[in-house]
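Structure first, commentary second.
These numbers come from the heavy atoms of this one structure, side chains and all, not from hydrogens, waters or symmetry mates. These numbers were taken from a predicted model, which means no experiment stands behind them. Start at 1 and go down the list; that is how both ligands and their atoms are numbered.
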Amino acid sequence: MSNRTFTMIKPDATRKGNTGAILEMINNGGFRIAAMKMVHLSKEKAGEFYAVHKERPFYGELVDFMSSGPITAAILEKDNAVDDFRKLIGATNPAQAEEGTIRKKFAASIGENAIHGSDSDENAKIEGDFFFSKLEQF
Ligand code: CMP
């Protein structure tokens, strides 16, 4: 079990001005910010990040949405980070997200779902390294 995960506050949450409130929930959830920056992904970079979903019917929509405006990318640290963060953000589909989760509060739909969280320790490392050099991870 690793103690780090990776997150992106997505373009819908950025547009609605929810970045600060989401970061407060992350902070209150006991996560330490080990790296953070705002980025506007190109279509190419968004496609590369989500390449694992290339064959899915929603891939084009996902890439268009994730390159539609700035995101906030961060590496977060806490014991059991991957699982605890997925609990904090709630189900991918906000209609199924539990009360008190970030997606329940801020997500509009399965596509525009406010925030991303890594699904495994292995992917957390790959995704964190996609955005941050070693010099930018603290
Ligand atoms: P995320 O956790 O960032 O990982 C993959 C993303 O694909 C997921 O959040 C959703 O935003 C998106 N996604 C999953 N299923 C669908 C779908 N049926 N339609 C549109 N987007 C989807």
Side-chain angles (χ1 to χ4, degrees):
M1 175 183 64
S2 135
N3 61 350
R4 289 190 172 204
T5 191
F6 171 79
T7 187
M8 287 186 288
I9 298 173
K10 297 188 179 183
D12 56 323
T14 308
R15 272 193 285 276
K16 291 175 191 165
N18 290 331
T19 304
I22 291 173
L23 288 173
E24 190 179 9
M25 285 179 76
I26 291 171
N27 206 29
N28 291 341
F31 293 86
R32 186 183 76 80
I33 294 168
M36 187 163 74
K37 63 177 149 193
M38 265 182 107
V39 184
H40 191 152
L41 290 169
S42 62
K43 276 197 186 189
E44 190 191 356
K45 277 287 173 195
E48 206 183 307
F49 183 87
Y50 280 114
V52 63
H53 295 305
K54 213 168 187 152
E55 305 307 323
R56 305 279 190 99
F58 57 81
Y59 178 70
E61 193 185 313
L62 177 61
V63 168
D64 284 348
F65 168 60
M66 288 304 295
S67 58
S68 70
I71 57 112
T72 298
I75 295 173
L76 303 172
E77 190 174 81
K78 182 186 186 292
D79 285 348
N80 201 30
V82 166
D83 287 349
D84 284 2
F85 193 68
R86 285 174 77 81
K87 276 183 207 132
L88 178 66
I89 68 178
T92 306
N93 183 349
Q96 288 156 13
E98 282 183 38
E99 218 46 69
T101 61
I102 292 173
R103 283 175 172 152
K104 179 71 182 181
K105 202 160 179 192
F106 297 111
S109 66
I110 194 164
E112 304 208 356
N113 65 354
I115 192 159
H116 166 81
S118 304
D119 63 3
S120 66
D121 289 345
E122 189 192 2
N123 284 336
K125 171 89 174 99
I126 293 168
E127 291 172 0
D129 289 346
F130 182 90
F131 280 92
F132 300 100
S133 73
K134 277 200 175 69
L135 287 174
E136 296 170 318
Q137 302 185 26
F138 302 100

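Note: no N/O pair closer than 3.5 Å links T92 and ligand 1 by distance alone.
A salt bridge is absent between K125 and D121; no separation between the charged side-chain nitrogens and carboxylate oxygens falls under 4.0 Å.
Atoms of ligand 1 lying under 4.0 Å from at least one heavy atom of E61, given by number and element, are 20 (C). Close approach of ligand 1 to R103 (heavy-atom distance below 4.0 Å) involves ligand atoms 2 (O).
Here the rule is side-chain contact (heavy atoms from CB on, under 4.5 Å) with I71, and of M66, H40, M38, K37 only M66 fits it. Checking T7, T14, T72, I9 one by one against I22, the side-chain contact (heavy atoms from CB on, under 4.5 Å) holds for a single residue, I9.
The main-chain N or O of Y50 is never found under 3.5 Å from a side-chain atom of Y59 such that the two would form a donor-acceptor pair. Checking side-chain atoms of R4 against main-chain N and O of A81 turns up no donor-acceptor pair under 3.5 Å.
Between K16 and F106, the shortest heavy-atom contact is NZ-O, 3.9 Å.
Counting heavy atoms closer than 4.0 Å to ligand 1, residue R56 contributes nothing at all. Of all the heavy atoms of M8, none lies under 4.0 Å from any atom of ligand 1, so neither backbone nor side chain is involved. Contacts between I110 and ligand 1, counted as non-hydrogen atom pairs separated by less than 4.0 Å, involve both the backbone and the side chain. Under 4.0 angstrom from ligand 1, the non-hydrogen atoms of H53 all belong to its side chain. Residue contacts with ligand 1 for E127 are absent, since no atom lies close enough (heavy atoms, distance under 4.0 Å).
No side-chain heavy atom of K45 sits under 4.5 Å from any side-chain heavy atom of V39.
At least one heavy atom of Y50 sits less than 4.0 Å from an atom of ligand 1. Look at K10 and you'll find a heavy atom under 4.0 Å from some atom of ligand 1.
Of the protein's non-hydrogen atoms, L62 CD1, 3.8 Å is the one closest to atom 6 (C) of ligand 1. The protein atom (non-hydrogen) at minimum distance from atom 7 (O) of ligand 1 is F58 CE1, 3.4 Å.
For the atom pair CD1 of I89 and CD1 of I115, the computed distance is 6.0 Å after rounding to the nearest 0.5 Å.
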